[in-house]
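Because the structure is predicted, anything quoted here is derived from the model rather than measured.
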Amino acid sequence: MALHAAAPACAVFCRLPSPSPSHVGGRRSLPAVASPRGVVSAAPLRTRAVPTKAIVNSDGIPETSDSPHVVCFGELLIDFVPTVNGVSLAEAPAFKKAPGGAPANVAVGIARLGGSSAFIGKVGDDEFGYMLADILKQNNVNNQGLLFDPHARTALAFVSLRSDGEREFMFYRNPSADMLLEEKELDLDLIRKAKIFHHGSISLITEPCKTAHIAAARAAKDAGVLVSYDPNLRLSLWSSPEDARDGILSVWRTADIFKVSEEEVSFLTNGEDPYDDAVVKKLIHSNLKLLLVTEGPDGCRYYSKDFSGRVGGLKVSAVDTTGAGDAFVAGVLSQLATDFSLLQDEGRLREALKFANVCGALTVTQRGAIPALPTRQQVLDALANFVA
């Protein structure tokens, strides 16, 4: 995984600009090469992030078409992950910087598995933004929908890891570039030509990205694109739990596939039991094709109009659970994009979910999200020894 490794560990502000509050998620004017305020552009010699096309890989997966099968919309950022577990952010001796952001994790995860994906979003016109654009390119993710904002920084997230690998987040985005994507900047053709449109809820929190997000999802729905939705709840980013619940559910009815964690089931149902099928089924609307509930190391549950059940997970020693749910989603969507009939065949769906569970499990064995996402061959090797 030489191409996919995160940058070496560094102190918390390693390679950041000189100390200033505006340098962490805030706005500021850039040097003379920047565009005038209000005009979004790429850096010199980068008119847009270079679109790429996946090539035949070691697993024999063929080259993708110019229209990616899965388009992921939302945030792309830098996670700073402690080099040791079980300490607070203040106590961490050093941090390893790792690319992340839930929708971007899914896009890279799909490409790693041999699928065809694209990412739409915005990063800062800064070194971290360029680094993230290059990482998408290195991982064969189409990034023609990625923009650079000259007046806002790339988002940062500091992640503290408990001894069991679970996380707490502290975000620097006030505002960050991803929050400033506007509807007029969307590459709607990229969305309309996709088979699947995947999105989360973080970009529903503030304007102008909220309007852009809703327009992107509407364009996908109107074009008959299958819509996948993982709310990826980050309660600290919302103004209140009520706003978070309302915001997440505001686009819920547009979803064909809805993936939630046990904690999100409880949150969205106002504290009801996430293990009660009657409670979970409250999250099924009339047009939903598949509801997925992830249960960490225990696997997942699935619900459709015709069948429901549980698929066990692969037990591993967790180092960092960041990106596990995104790896699971990538595992599901990478298979669904090639064959929608999985939604009607319970046996084949269970096999697809078993594959996705292993994707999530392998991801928690390393630090960081994108650096830990597995290749198709790694998943197949793990499946050979997997007893659900």
Side-chain angles (χ1 to χ4, degrees), residues 70-74 102-103 105-107 109-110 191 194-205 213-214 216-222 224-235 238 244-296 299-311 324-337 340 342-344 346 349-350 352-353 356-357 359-360:
V70 184
V71 171
C72 301
F73 175 95
N105 295 342
V106 173
I110 289 168
I191 295 171
K195 292 184 177 181
I196 300 173
F197 175 79
H198 176 73
H199 62 128
S201 70
I202 302 300
S203 47
L204 290 168
I205 297 175
H213 183 151
I214 292 171
R218 185 188 309 117
K221 200 69 177 177
D222 291 347
V225 177
L226 193 79
V227 176
S228 166
Y229 182 34
D230 176 2
N232 191 41
L233 176 65
R234 295 290 178 264
L235 195 53
W238 295 85
R245 191 175 295 109
D246 291 346
I248 288 170
L249 293 177
S250 69
V251 296
W252 162 63
R253 289 191 177 275
T254 67
D256 297 297
I257 300 171
F258 188 41
K259 177 266 175 189
V260 285
S261 66
E262 304 155 285
E263 295 82 2
E264 288 164 342
V265 171
S266 181
F267 176 78
L268 294 174
T269 58
N270 291 292
E272 294 192 55
D273 183 1
Y275 300 101
D276 183 339
D277 281 351
V279 171
V280 175
K281 289 178 180 179
K282 292 180 180 181
L283 297 178
I284 299 177
H285 60 72
S286 59
N287 295 315
L288 192 70
K289 295 178 173 61
L290 183 64
L291 170 63
L292 297 168
V293 180
T294 53
E295 300 181 332
C300 68
R301 283 173 280 160
Y302 59 92
Y303 302 82
S304 77
K305 294 177 181 177
D306 300 319
F307 45 73
S308 62
R310 173 182 272 105
V311 177
D326 305 324
F328 172 86
V329 172
V332 173
L333 299 186
S334 66
Q335 297 172 90
L336 193 57
F340 282 0
L342 286 173
L343 295 171
Q344 286 79 48
E346 184 175 10
L349 176 63
R350 288 182 62 87
L353 294 177
N357 283 341
C359 291

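Atom-to-atom distance recorded for Ile257:CD1 and Ile196:CD1 is 6.0 Å, nearest 0.5 angstrom. How far CZ of Phe197 is from OG of Ser228: 10.0 Å, rounded to the nearest 0.5 Å. A distance of 10.5 Å separates CG of Leu235 from CD of Glu264, quoted to the nearest 0.5 Å. Phe267 contributes atom CZ, which lies 11.0 Å from atom OG of Ser261 (distance to the nearest 0.5 angstrom). Here the CG-NE2 distance, from Leu249 to His285, works out to 10.5 Å after rounding to the nearest 0.5 Å. Separation of atoms CZ (Arg218) and NE2 (His213) is listed at 11.0 Å; rounding is to 0.5 Å.
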### Query
Can you list the steps and then say if Asn287 with Arg253 is a side-chain contact (heavy atoms from CB on, under 4.5 Å)?
CA-CA 7 Å; Asn287 295 315; Arg253 289 191 177 275; over 6 Å; no
### Query
Checking side-chain contact (heavy atoms from CB on, under 4.5 Å) for the pair Glu263/Leu233: CA distance, chi angles, key distance, verdict?
CA-CA 9 Å; Glu263 295 82 2; Leu233 176 65; over 6 Å; no
### Task
Determine, stepwise, if the pair Cys300 / Asn357 fulfils side-chain contact (heavy atoms from CB on, under 4.5 Å).
CA-CA 7 Å; Cys300 68; Asn357 283 341; 3.7 Å; yes
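Looking at Thr254 and Tyr229, their side chains never come closer than 4.5 Å, going by heavy atoms from C-beta outward. Contact check for Val260 versus Phe258: side-chain heavy atoms found under the 4.5 Å cut-off. The shortest side-chain heavy-atom distance between Lys195 and Leu226 does not fall under the 4.5 Å cut-off. Side-chain contact check for His198 versus Val71: every heavy-atom pair is 4.5 Å or farther apart. Within the 4.5 Å cutoff, side-chain heavy atoms of Lys259 are placed close to those of Thr294. In this structure, the side chains of Leu291 and Tyr302 stay at 4.5 Å or more apart for every pair of heavy atoms. Contact of the Ile248 side chain with the Leu204 side chain is not registered, since no non-hydrogen atoms from C-beta on lie closer than 4.5 Å. Using a 4.5 Å heavy-atom threshold, the side chains of Leu292 and Asp230 count as separate.
Pairing each heavy atom of Leu288 with each of Asp256, the nearest pair is CD1-O, 3.4 Å. Contact detail for Leu336 and Phe340: the closest heavy-atom pair is O-CD1, 3.0 Å. For Ala330 against Ile110, the heavy-atom pair with the smallest separation is CB-N, 3.6 Å. Residues Ser203 and Phe73 approach most closely at OG-CE2, 3.5 Å, considering heavy atoms. When all heavy atoms are compared, the tightest approach of Phe307 to Gln344 is CE2-O, 3.9 Å. Nearest approach of His199 to Ala217, heavy atoms of both residues: CE1-CB, 4.4 Å.
No side-chain donor-acceptor contact under 3.5 Å links Trp252 to the backbone of Pro231. Side chain of Arg301 to main chain of Glu295: no donor-acceptor pair is present (N/O by atom type, distance under 3.5 Å, no hydrogens or angles).
For Glu272, the salt bridge (charged side-chain N to carboxylate O under 4.0 Å, His left out) criterion is met by Lys282, not counting sequence neighbours.
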